[in-house]
Amino acid sequence: MSENTYFKFTNSVIIAPLLAVITIWTVFWVELRFKINLNDYGIYPQRISGLKGIAFSPFIHGSLEHLYNNTIPLAILTASLFYFYRSIALRVLFIGVLISGLFTVNR
């Protein structure tokens with residue numbers, strides 16, 4: 001197969017990182033705007049209640065600096081994932097969030 005078959009620019013290379021960045025910034029904005037604290041949805045190691053954090057923790061940030069420091073890597077790495085591995089990109093994202101959360105819970 002040619003190189004163009006593997007590395008093909010598609011709309012998902014732009015849309016996926018954009019949606020990811022917009023999502024984390026929107027969650028942070030909602031938390032500030034409505035004065036709610038979503039820290040209860042974070043990962044709490046060795047607690048059953050901490051299991052919900054596996055799914056929600058990627059969207060929770062403690063400060064604007066924390067959010068900003070995660071934005072650029074999230075955008076670049078998500079774009080790279082969808083550019084180089086578009087057929088399995090969503091599975092990789094899902095499994096990555098799940099495994100990283102489980103390792104945090106079991107520590």
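Within the 4.5 Å cutoff, the side chain of Leu19 has no heavy atoms near those of the Val21 side chain. In this structure, the side chains of Phe82 and Leu93 come closer than 4.5 Å at one or more pairs of heavy atoms.
Tracing side-chain contacts under 4.5 Å through hydrophobic residues (I, L, V, M, F, W, Y), one reaches Ile24 starting from Leu32; they form part of the same cluster. If you chain together hydrophobic residues whose side chains sit under 4.5 Å apart, Ile36 and Leu64 fall into the same group. Leu18 and Ile15 fall into different hydrophobic clusters, defined by Ile, Leu, Val, Met, Phe, Trp and Tyr side-chain heavy atoms under 4.5 Å apart, directly or through other members.
Taking CD1 of Ile95 as the reference point, atom CG of Leu102 lies at 11.5 Å (rounded to 0.5 Å). Expressed to the nearest 0.5 Å, how far CD1 of Ile43 lies from OG of Ser100 amounts to 6.5 Å. How far NZ of Lys52 is from CG of Asp40: 6.5 Å, rounded to the nearest 0.5 Å. Here CZ of Phe94 is found 10.0 Å from CD1 of Ile99. Values are rounded to the nearest 0.5 Å.
Taking each heavy atom of Ile54 and Val97 in turn, the nearest pair found is O-CG1, 3.3 Å. Of all heavy-atom pairs spanning His61 and Glu31, the tightest one is O-OE1, 4.2 Å. Between His66 and Gly62, the shortest heavy-atom distance links the atoms ND1-N, 3.1 Å. The nearest pair of heavy atoms linking Phe59 to Val27 is O-CG1, 3.3 Å.
The side-chain hydrogen bond (donor to acceptor under 3.5 Å, both in side chains) check on Asn11 picks up nothing, with sequence neighbours excluded. For Val92, the side-chain contact (heavy atoms from CB on, under 4.5 Å) partners two or more places apart in sequence, or in a different chain, are Leu81, Ile88. For Tyr41, the ring-ring contact (aromatic ring centres under 6.0 Å, His included) criterion is met by Phe56, not counting sequence neighbours. Residues satisfying the side-chain hydrogen bond (donor to acceptor under 3.5 Å, both in side chains) criterion with Thr10, sequence neighbours excluded, are Ser12.
The ring pair (Phe, Tyr, Trp, His ring centres under 6.0 Å) pairs that include a residue from residues 9-34 number zero, where partners must be two or more places apart or lie in different chains.
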Review item, side-chain donor-acceptor pairs of residues 73-80, under 3.5 Å, at least two apart:
residue	atom	partner	partner atom	Å
Thr78	OG1	Leu74	O	2.6
Ser80	OG	Ile76	O	2.9

